[in-house]
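The next block holds one structure in the form of structure tokens; read it before the comments.
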Amino acid sequence: MEKIKNLVIVESPAKSKTIEGFLGKEYKVTSCYGHIRDLEKKNSGIDVKDKFKPNYIVPSEKKAVVRELKKLVEKSETIWLATDEDREGEAISWHLKDELKIDDKKIKRIVFNEITKKAILNSIQNPRQIDIDLVEAQQARRILDRLVGFELSPILWRKVKPNLSAGRVQSVAVRLIVEREREIQNFTSESAFRIVGDFIVKDKKGKKTLLQAELGKRFSTEKEARSFLELCKNAEFTVDSLEKKLAYKSSAAPFTTSTLQQEASRKLGFSVSKTMLVAQKLYESGKITYMRTDSTILSEFAIQAAKDNIIENFGNEYSNPHQYVTKSSSAQEAHEAIRPTYFENASVDGTKDEKSLYGLIWKRAIASQMSDAKLERTTVKISMSNNDLNFTAKGEVILFDGFLKVYLESTDEENGDNESEIIPPLKSGEKLNFSEIAATEKYTRPPARYTEASLVKKLEELGIGRPSTYAPTISTIQKRGYVSKDELKGRERNYKELTLVDKKITEELKSEITGADRGKLLPSNIAMLVNDFLINYFPNILDYQFTANVEEELDEVAEGKIDWHKMLDEFYTPFHKQVEHTLDNSERVSGERILGTDPTTGKQISVRMARYGAVAAITNPDDENDKPKYAGLRLNQKLETITLEEAIELFKLPRTLGEFENSEVSVSIGRFGPYVKHFSKFYSMPKEFDPYEITLEEAIGVIENGRIKEAEKTLKIFEQDAAVKIMNGRWGPYIKSSKGMVRIPKGTKVDDLVFEDVQKIIEEAYPTKKKSTKKKK
DNA sequence: CAGTGAGCGAGCTTCCGCTTGACTT
């Protein structure tokens, strides 16, 4: 058997390739692909009564990895456990030792948080043993999360709905979204008149130009605004003061996972999962450093390389090499910040997405090592002769661009009217005339809904979740139906504008769209019900501070100050009591609200959560035999805010529009949204139509389009059975039957298939046995 | 996929944090 002198195990395969290059022939480097074991899923995987004894197993998808590692370990003299330098990494090392049964004497634990030759050789010089306190802190974290998740979720199945879930991270994420939505619901918008004047000035070349200045006060009523404009008619305007100030702008730190997700969302429109997918590709091809990190630290090598690049391309005065302190308090800093591997590559080959994300990472990292920008900010105050109020204009001139030459971080604020302009040369005491002064009614805006990226930002601020889980958490809460990203249409709103020109005030009623939103995280009715339920019975777990408190205790475990059993026991004993109390004492959650009486029938109208979603019901409480009528709530209608009028409106569906080809055409809303029904066939209604307003002609159009689309997708039909068809789908041709869909076996040509073959394929996929029909959701 | 919403009951669901491919309706 061929012997291996040194076996180095790291977490990621891409890393292992790089490191092998640094270490030479005596070393073989391999990877374990993250955790190799986890708590068993059945029976919670924890024996609570036996001091929280965990039952670890190797999941099936990791069996091959473990088998391979075992072989290598047996052949090796020394095993260098080089997993990440954080709690999880330490635990992975311990699991490797335990599962692969490696002798302590053969183990050397090494850590490095940058993949440079120097750092790795240095780590080889300073091996240590596994830090068991740190491992126990991880174990406590893992067990606590399992206990919380696997005791809370079943309560929800019983009290709210099956398949729901709750957990330390996801439930807080949902809470943030629910609370923001309620803030928006309860927000009362107020309007005030904003006054902006266009003053006539001369620019450097003596050419006439306009200087826009805003009055320091807004007027809450139109009357006040109007009388102010009246005053302006006869006022004399004077440049009162001219203040110039030097200001400096600093670049932002290089990317962490969270800031990369935020910027890629704002600048490139990527979802957080897309950002991670593209970043993974760049990492695997060696173009960037590791993309799951909470650190803003750059290696010495990187700082030097950035410096060289900046001096060469922009000059000495643009270089400002420095390190950024990581802001996030929960950071474990096992890796570097996200940066290009080679700064000399300002761009790379690859897909369009890879190119643009790489460009962003390169610019951000380079900018982070560049000088501050130097600006001159000018504030001009314009006073009035018959009034104490002042107009103010602000301007900004860049004296030295510094890092702005390559990159400027964007913000979440939607207010675009802060652009600074260049202030023309003015003198204090100079008299000014205006060409126009406008008073525009402006409404206050409710707080903005979370985007995926702004939610990640918030979670990171709260210390909840880790770089590797931000994207999965967001997809989990969407999968569970707590959150969706539907488009909100908004409504029209009028506002007034008064304009003063040539001593004449004109008035105009304008309109704008308000409340429209897209791509934002919207909570579902279920999210609101579950959130209220959990906050009621488990306020401690839903507390924004909960994770922070847990982390503090885990730190004490890691420092060997407290025993992990004790820490878990102090948490679990009261928690489990809460669980039992809730199971015994809580009512089933239905979210029922009685809205009032239906004016046409005199029966009761209520809303509640039903099996397939929120419904409105017309019921007769006095007569049990009177069959209730149901209508599903529309997308974005909320159980807690829907009004009686809106509920009555729902019962206007289904609407019968008339006849087409001698069959009735009707419209309604089903599980998959609004549809047109004709001749017992359903056609989804495109978004531009409203089922309450669509006309017969438009509905016929929907039917005809639907037929064309279906014909395009249909490859083959059979005379023997109209329900069986061969269709063309996303993954190629498939058979559609009343039993379900089946993929056509590989290598089979659609043209060759006869009805009997198709029947056989269907029969194989959906056997007509008494039980165990394979169903997939 | 399927345009319902009754009610029964078996058997299932679920957490967070490390990592990538295998696989999909």
Side-chain angles (χ1 to χ4, degrees), chain A residues 10-15 31-39 41 44-46 59 61-62 64-65 83-84 86-93 95 138 141-158 161-171 277 280 283-284 290 292 332 334 464-470 472-473 476 480 547 608-617 627-632 653-654 666-677 680-684 727 729-736 738-743 771-772 775-777:
Chain A
V10 296
E11 290 183 40
S12 147
K15 219 192 240 182
S31 66
C32 65
Y33 297 82
H35 276 293
I36 56 155
R37 294 202 304 197
D38 192 16
L39 295 171
K41 283 210 172 183
S44 93
I46 302 158
E61 68 269 20
K62 283 286 159 66
V65 174
T83 53
D84 295 348
D86 56 17
R87 202 160 63 203
E88 298 297 325
E90 203 68 17
I92 291 173
S93 274
H95 279 292
Q138 190 276 344
R141 195 281 304 157
R142 178 68 192 93
I143 293 172
L144 183 141
D145 281 335
R146 170 57 67 84
L147 290 170
V148 170
F150 276 37
E151 295 209 8
L152 286 187
S153 302
I155 302 179
L156 298 181
W157 306 340
R158 277 180 58 185
K161 211 181 105 164
N163 302 316
L164 292 176
S165 64
R168 174 176 58 81
V169 172
Q170 60 169 279
S171 295
L277 223 64
Q280 176 89 26
Y283 167 67
E284 281 171 13
Y290 197 56
R292 289 185 276 264
Q332 307 201 8
I464 298 172
R466 305 279 312 129
S468 68
T469 59
Y470 295 137
T473 299
T476 298
R480 301 272 175 276
T547 291
R608 68 179 171 87
M609 209 60 206
R611 205 143 68 101
Y612 299 108
V615 291
K627 208 180 166 219
K629 263 178 85 183
Y630 294 98
L653 292 179
S666 64
V667 295
S668 190
I669 299 175
R671 227 179 101 169
F672 305 99
Y675 63 88
V676 179
K677 187 179 175 189
S680 71
K681 286 197 81 166
F682 298 87
Y683 304 89
S684 294
M727 310 284 287
R730 262 208 290 170
W731 293 283
Y734 65 95
I735 298 165
K736 189 179 175 183
S738 54
K739 285 178 187 165
M741 315 219 250
V742 202
R743 199 172 180 178
K771 53 177 183 177
S772 88
K775 254 193 178 174
K776 278 195 177 172
K777 267 196 172 176

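Lettering of chains follows the sequences in order, A, B, ..., and the numbering in each one begins at 1.
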remark   = Contacts of A:Glu151 and A:Ala614 projected onto DNA chain B by closest heavy atom; the upstream (5') one is A:Ala614
ask   = Counting heavy atoms not belonging to A:Lys62, are there more than 12 under 6.0 Å from its NZ?
value = yes
task = With heavy atoms under 4.0 Å as the rule, sort A:Glu61 into base, sugar-phosphate or nothing.
result = nothing
query = Would you find a donor on one side and an acceptor on the other, under 3.5 Å apart, between the side chain of A:Ser684 and the backbone of A:Tyr675?
reply = no
inquiry  = As a test of reading the structure: which of B:dT19, B:dG17, B:dC15 is closest to the side chain of A:Arg141, going by heavy atoms?
reply    = B:dG17
query = Hey, does A:Arg480 have a side-chain heavy atom less than 4.5 Å from the side chain of A:Lys161?
reply = no
message = Below the 4.0 Å mark, does B:dG17 have OP1 or OP2 next to a side-chain nitrogen or oxygen of A:Thr469?
response = yes
query = When we call it a touch if two heavy atoms are under 4.0 Å apart, what does A:Gly613 touch: a base, just sugar-phosphate, or nothing?
reply = base
query = Base, sugar-phosphate, or nothing for A:Arg466, non-hydrogen atoms under 4.0 angstrom?
reply = sugar-phosphate
message = By the 4.0 Å heavy-atom rule, please label A:Val148 as base, sugar-phosphate, or nothing.
response = nothing
Whole angstrom value for the distance that separates P of B:dC16 from NZ of A:Lys41 = 12 Å
request  = Give A:Tyr283 one of three labels, base, sugar-phosphate or nothing, depending on what nucleic acid heavy atoms sit under 4.0 Å from its own.
outcome  = sugar-phosphate
inquiry  = Please check this pair: side chain of A:Thr469 against backbone of A:Gly465, looking for a donor-acceptor N/O pair closer than 3.5 Å.
reply    = no
request  = Check every strand shown and say whether A:Ala166 touches a base, only sugar-phosphate, or nothing at a heavy-atom separation below 4.0 Å.
outcome  = sugar-phosphate
remark   = Quick note, A:Pro13 side chain, CB onward, closest among B:dA6, B:dT20, B:dC18 is B:dT20
key: Between B:dG17 (P) and A:Arg168 (CZ): distance, integer Å   = 5 Å
key: Under 4.0 angstrom between A:Ser153 side-chain N/O and B:dC15 OP1 or OP2   = no
request  = Rounded to the nearest angstrom, tell me the gap between atom CZ in A:Arg87 and atom P in B:dT19.
outcome  = 14 Å
Atom of A:Glu90, atom of A:Thr83 and distance for their closest heavy-atom approach = N-OG1, 4.4 Å
query = Reckon A:Arg292 has a side-chain N or O less than 4.0 Å from the OP1 or OP2 of B:dT20?
reply = yes
key: Of A:Pro472 and A:Gly149, the one whose closest DNA chain B nucleotide lies more 5'   = A:Gly149
inquiry  = Please tell me if A:Gln138 has a side-chain N or O lying less than 4.0 Å from either OP1 or OP2 of B:dG17.
reply    = no
key: Separation of B:dT19 C1' from A:His95 NE2 (nearest whole Å)   = 14 Å
Between B:dA2 and B:dT25 - P atom distance, rounded Å = 14 Å
key: Among B:dC15, B:dT13, B:dC18, the one nearest A:Glu88 by side-chain distance   = B:dC18
key: Sub-4.5 Å side-chain heavy-atom contact between A:Ile46 and A:Arg142   = no
query = Using a cut-off of 4.0 Å on non-hydrogen atoms, how would the nucleic acid contact of A:Thr476 be classed: base, sugar-phosphate, or nothing?
reply = sugar-phosphate
key: B:dC18 OP1/OP2 closer than 4.0 Å to side-chain N/O of A:Ser468   = yes
message = Between B:dG3 and A:Phe682, is there a base-stacking contact, meaning the centre of the base's six-membered ring lies under 5.5 Å from the residue's ring centre while the planes stay under 30° apart?
response = yes
key: B:dG3 and B:dT24, which share atom name P, separated by this distance in whole Å   = 27 Å
ask   = In whole angstrom, what separates A:Glu11's CD from B:dG21's P?
value = 15 Å
message = What is the separation between atom CH2 on A:Trp157 and atom P on B:dA10, rounded to the nearest whole Å?
response = 17 Å
inquiry  = Under 4.0 Å, counting only non-hydrogen atoms across every strand here, what does A:Asp84 touch: a base, just sugar-phosphate, or nothing?
reply    = sugar-phosphate
key: Distance below 4.0 Å between A:Tyr290 side-chain N/O and B:dT19 OP1 or OP2   = yes
ask   = NA contact type, A:Gly167, heavy-atom cut-off 4.0 Å: base, sugar-phosphate, or nothing?
value = sugar-phosphate
query = Mind checking whether A:Gln332 and A:Arg466 have side chains closer than 4.5 Å, heavy atoms only?
reply = yes
query = Is the closest side-chain heavy-atom distance between A:Gln170 and A:Ser165 below 4.5 Å?
reply = yes
request  = Indicate whether OP1 or OP2 belonging to B:dC18 is found under 4.0 Å from a side-chain N or O atom of A:Thr83.
outcome  = no
inquiry  = B:dT14, OP1 or OP2 - any side-chain N/O from A:Arg480 closer than 4.0 Å?
reply    = yes
task = Would you kindly give the CZ-to-C1' distance between A:Phe150 and B:dC16, to the nearest whole Å?
result = 10 Å
query = Considering only heavy atoms and no angle criterion, is a donor-acceptor pair shorter than 3.5 Å present between the side chain of A:Arg142 and the base of B:dC15?
reply = yes
query = Atom CD1 of A:Ile92 and atom C1' of B:dT19: how far apart are they, to the nearest Å?
reply = 8 Å
